[in-house]
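Contents: one structure, followed by commentary.
Lettering of chains follows the sequences in order, A, B, ..., and the numbering in each one begins at 1. Excluded from the calculations below are hydrogen atoms, water molecules and symmetry mates; all remaining heavy atoms, backbone and side chain alike, are included.
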Protein chains: 2
Amino acid sequence: MFKPANKATLHQNVLNQMITAIKENEWEPGSKLPGEQSLANAFEVSRNCIREVLKALELTGIVEARAGDGTYLSENALRNIANSDLVASLFEESTLMELIEARQLLEGQLAYWAAQRASDEEIMNLERILVEEPETPNVEVHYHFHNYLAEIAGNPFLLRLLDSLRTEVSAQRIVFKSWPSTELELFKKDHWEICQAIKERAPEKAQEAMIQHLLRSQNEILERNRREGRRKEA
Amino acid sequence: MFKPANKATLHQNVLNQMITAIKENEWEPGSKLPGEQSLANAFEVSRNCIREVLKALELTGIVEARAGDGTYLSENALRNIANSDLVASLFEESTLMELIEARQLLEGQLAYWAAQRASDEEIMNLERILVEEPETPNVEVHYHFHNYLAEIAGNPFLLRLLDSLRTEVSAQRIVFKSWPSTELELFKKDHWEICQAIKERAPEKAQEAMIQHLLRSQNEILERNRREGRRKEA
DNA sequence: GTCCATTTGTCCGTATGTATG
DNA sequence: CCATACATACGGACAAATGGA
């Protein structure tokens, strides 16, 4: 509930002040900001300390340092700050349920678009993934199918988003190395159903099949989380 | 087209190597990594240089330094790296069309959920936002409506995502300070229609109305971008 | 082009506070 | 309490790059 109340180290303090100043448009984007020595004097710290702060800001693309010239505020510094904030808050403060819901929405829509937009060749490739699936299905094949499906949906932005969403769901839930083979058999059938719907160019059907497929696997996940206990309560 | 070909500075070099090493599971998450002096020897650089790198990694939450103890690889360092990469690539490499498509999907679904999940009180609040809309509508009111709608949909994760999505769409398009009032009148009607659908607890209707609303405004955006020329070609 | 002042890049040495055993 | 190990912080020094006179 409470913040760690970390006794800010010097460079943390300086860093926060710098970020705040940038947020408040202390300097114009693209403009040169005071030299390291100058900043060191202003904050009454050593140049080394300032450098650590500047290098941190550089990593996140907020500033750009040019040797022999100076350090410049990045053209889209504010956007990069916003994005960093997003990364920090996005997943940390999200519940498993929210993420699962989001994944369902995205993956359903991607199946929908795939049915609309896939070329004949892409559909053949999708089928081949299922055909070449080994007798004992595994998780890698599972993801392979989902990934290729998302790819042919033709929205790379959502594909990337979905990808990290899946990673995040995996991170938050209790991970199980192996699904029971009975489950994987069911999933295989689901995949075929989705693939069939895409082949028939039936977007709604594909979307519905995908959502049902996800519901099946996600119920299993939530069920297990309940059984094995939530270890993340602390 | 070409990369800046920056002759990597030392700390850049070290930083990249460190990140690569972390990605390749050189160290266990949560484990203590070698001391600064040790790293300095390994990379054959000064301790100062190492510190700049470590502070940069610390800002992004990849690493945690504890004074008098050591520097530890963050428990979810890999997730943070992945998320940072994601956000960096997410928006940079996405076309305006992809972002608009994604926004449409998200905002439509949020309207859908809002119709399902809103409490009576929340619906009243939503109506009040529209009622209190001034005679000459402005953009702030517009966003106020959309934000509250997303809020009562009850998925904070998607709300946050949508928020930065909108920011990004604004950044990529040619921004216009003021919509023509004729447009804003149309939008106002759209909002009422959406609100009505939510009041009727008609999810599909709300979703459809929202999508139509966005199509209207987005066509306008794309149209203007075409007319005024794409300045981002450089 | 050359020189020169400025600024970042890089290193070293040293002192201090803090955690661990 | 002590010794050790480590991060924190400072100041000085020189190299390398840059931009302007």
### Task
Could you walk me through whether L10(B) and C49(B) pass the side-chain contact (heavy atoms from CB on, under 4.5 Å) test, one step at a time?
CA-CA 8 Å; L10(B) 253 188; C49(B) 184; 4.3 Å; yes

### Query
After noting the C-alpha distance and the side-chain angles of H144(A) and H191(A), does the key distance pass the ring pair (Phe, Tyr, Trp, His ring centres under 6.0 Å) rule?
CA-CA 11 Å; H144(A) 190 184; H191(A) 286 176; over 10 Å; no

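Remark: P of dC10(D) and CZ of F43(A) are 13 Å apart, rounded to the nearest angstrom. Summarising the geometry, the separation between CD on E58(A) and C1' on dG9(C) is reported as 11 Å, rounded to the nearest angstrom. Spacing between atom CZ of R66(A) and atom C1' of dT7(C) amounts to 12 Å, rounded to whole angstrom units. Counting to the nearest Å, the P atom of dC6(D) and the CD atom of E64(B) are 18 Å from each other. Summarising the geometry, the separation between CD1 on I50(A) and C1' on dG9(C) is reported as 16 Å, rounded to the nearest angstrom. Atom NE2 in H11(B) sits roughly 14 Å away from atom C1' in dA16(D) (whole-Å rounding). Rounded to whole Å, the distance from CD on E52(A) to P on dC10(D) is 9 Å.
Identified under the side chain to side chain donor-acceptor pair (under 3.5 Å) test for residues 56-65 of chain A, with sequence neighbours left out: K55(A)-E58(A).
Using a 4.0 Å cut-off, no side-chain N or O of R51(A) falls inside it from OP1 or OP2 of dT8(C). The side chain of K55(B) contributes no N or O atom lying less than 4.0 Å from OP1 or OP2 of dA7(D).
When atom types are taken as modelled, the side chain of D163(B) and the backbone of L159(B) share no donor-acceptor pair closer than 3.5 angstrom. A donor-acceptor pair under 3.5 Å is formed between the side chain of N155(A) and the backbone N or O of L158(A).
A salt bridge is absent between E151(B) and R117(B): the closest approach of a Lys/Arg side-chain nitrogen to an acidic carboxylate oxygen does not fall below 4.0 angstrom.
Looking at residues two or more places apart in sequence or on another chain, you find a side-chain contact (heavy atoms from CB on, under 4.5 Å) between Y72(A) and K32(A), R66(A), D69(A). Here I211(A) pairs with Q104(A), Q207(A), L215(A) under the side-chain contact (heavy atoms from CB on, under 4.5 Å) rule; sequence neighbours left out. In this structure E26(A) satisfies the side-chain contact (heavy atoms from CB on, under 4.5 Å) test together with A21(A), sequence neighbours excluded.
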Interface polar pairs with nucleotides 11-17 of chain C, N/O, under 3.5 angstrom:
residue, atom, partner, partner atom, Å
dC11(C), OP2, S46(B), N, 3.0
dC11(C), OP2, S46(B), OG, 3.3
dC11(C), N4, N48(B), ND2, 3.3
dC12(C), N4, N48(B), ND2, 2.7

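In the set dG9(C), dT8(C), dT8(D), the nucleotide with an atom closest to the side chain of T71(A) is dT8(C).
Across all strands shown, dC1(D) has no partner, as no Watson-Crick or G-U wobble contact with both distances under 3.5 Å is found. When both distances must be under 3.5 Å, the Watson-Crick or G-U wobble mate of dG9(C) is dC14(D).
Listed in residue order, the members of residues 30-41 of chain A having a heavy atom less than 4.0 Å from DNA chain D come to none.
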